[in-house]
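Data block below; observations after.
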Amino acid sequence: MQKILVSACLMGRKVRYDGRAKTSSDACLAGWREEGRLVSFCPEVSGGLPVPRPAAEIEGGAGGAAVLDGAARVLTADGADVTEEFLAGARAALAAARTHGARMAVLKEGSPSCGALSVYDGTFTGRRAPGQGVTTALLERHGIRVFTEDRLAEAASYLRTLET
């Protein structure tokens, strides 16, 4: 059975920066959970960050690939550099995916770790920029396809191709 890495906050775990969850009630995720497919994971907590923690954004909205390449950092609003924790969490997520044989993930959109389509632009004003979070960029570099919680029909279709 194909396993799927999933953001822990989508599964109801209170691991977000604000100490809350972003629980998904989607039937597709619920079905995958019942089947035992889901590997719940929070890269930020696994990277050593506490709950709650200060919000963090990728400087300049540069995206996760720039962080992986050493061209951008992940900073909190007060300027604390949490890049190493984000990188450690991304590496831990990749290791978890490999351990479980996951070739796809469903991650929380907008997160500086998990965003797949956009991340906050680094100004802490709520504006987003196109791009991926650090974990998403690393997973995709290693052939693990990432979907957002809003694209579960597409994820389900991709899962079918993995199992044929």
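Numbering of residues begins at 1 and proceeds along the displayed sequence. Note that the coordinates shown come from a computational prediction; the quantities given were computed from them, not determined experimentally.
- Residues Val74 and Leu87 are members of one and the same hydrophobic cluster, defined by side-chain heavy-atom contacts under 4.5 angstrom among Ile, Leu, Val, Met, Phe, Trp and Tyr.
- Apart from Met1 itself, the hydrophobic cluster it occupies contains nothing, where clustering links Ile, Leu, Val, Met, Phe, Trp and Tyr at side-chain heavy-atom distances under 4.5 Å.
- Here the side chains of Pro112 and Tyr120 are not in contact, with every heavy-atom distance at 4.5 Å or above.
- Connectivity analysis of hydrophobic side chains (ILVMFWY, heavy atoms under 4.5 Å, direct or indirect) links Val51 to Val15, Val45.
- Here the closest non-hydrogen pair linking Ala90 and Thr135 is CA-OG1, 3.4 Å.
- Shortest non-hydrogen contact noted between Ser46 and Phe41 is OG-CZ, 3.3 Å.
- Here salt bridge (charged side-chain N to carboxylate O under 4.0 Å, His left out) pairs that include residues 126-139, with residues two or more places apart or in two chains, are Asp121-Arg127.
- Under the 3.5 Å distance criterion, the side-chain polar atoms of Thr76 are left unmatched by any main-chain donor or acceptor of Ala56.
- Residues satisfying the side chain to side chain contact (heavy atoms under 4.5 Å, CB included) criterion with Ala55, sequence neighbours excluded, are Tyr17, Phe124.
- A salt bridge (charged side-chain N to carboxylate O under 4.0 Å, His left out) check over residues 55-72, counting only residues at least two apart or in different chains, returns the pairs Glu59-Arg73, Asp69-Arg141.
- Grouped with Trp32 in one hydrophobic cluster are Ile4, Val6, Leu10, Met11, Leu29, Leu38, Met104, Val106, Phe147, Leu152, Tyr158, Leu159, Leu162, the linkage being side-chain heavy-atom contacts under 4.5 Å among Ile, Leu, Val, Met, Phe, Trp and Tyr residues.
- The side-chain hydrogen bond (donor to acceptor under 3.5 Å, both in side chains) search around Arg103 returns Gln2, not counting sequence neighbours.
- Of all the heavy atoms in Lys14 and Gly19, the pair that sits closest is CB-O, 3.4 Å.
- Annotation: side chain to side chain contact (heavy atoms under 4.5 Å, CB included) contacts of Ala71 (sequence neighbours excluded): Ala66.
- Taking the salt bridge (Lys or Arg N to Asp or Glu O under 4.0 Å) definition, one finds that Glu84 meets it with nothing, sequence neighbours left out.
- Distance alone, capped at 3.5 Å, places no donor-acceptor pair between the Ser118 side chain and the Gly110 backbone.
- Annotation for Ala156 and Cys28: closest pair CB-SG, 4.0 Å, computed over non-hydrogen atoms.
- Of the candidates Arg16, Glu85, Arg53, Arg53 is the only one forming a side-chain contact (heavy atoms from CB on, under 4.5 Å) with Glu44.
- With a 4.5 Å cut-off on side-chain heavy atoms, Pro52 and Asp18 do not count as touching.
- Nearest heavy atoms, Val119 versus Ser111: CG1-O, 3.7 Å.
- Residues passing the side-chain hydrogen bond (donor to acceptor under 3.5 Å, both in side chains) test with Arg13, sequence neighbours excluded: none.
- Listed for the Ser7 side chain is a donor-acceptor partner under 3.5 Å among the backbone atoms of Lys108.
- In this structure, the separation between OG on Ser113 and CG on Leu139 is 10.5 Å, given to the nearest 0.5 Å.
- Distance check: Leu5 CG to Leu107 CG gives 6.0 Å after rounding to the nearest 0.5 Å.
- Under the 3.5 Å distance criterion, the side-chain polar atoms of Thr136 are matched with a main-chain donor or acceptor of Gly115.
- Ala72 approaches Ile58 most closely through the heavy-atom pair CB-CG2, 4.2 Å.
- Annotation: side chain to side chain donor-acceptor pair (under 3.5 Å) contacts involving residues 87-100, sequence neighbours excluded, comprise Arg98-His142.
- Not counting sequence neighbours, the partners of Thr148 by the side chain to side chain contact (heavy atoms under 4.5 Å, CB included) test are Glu109, Ala116, Leu117, Asp150, Arg151.
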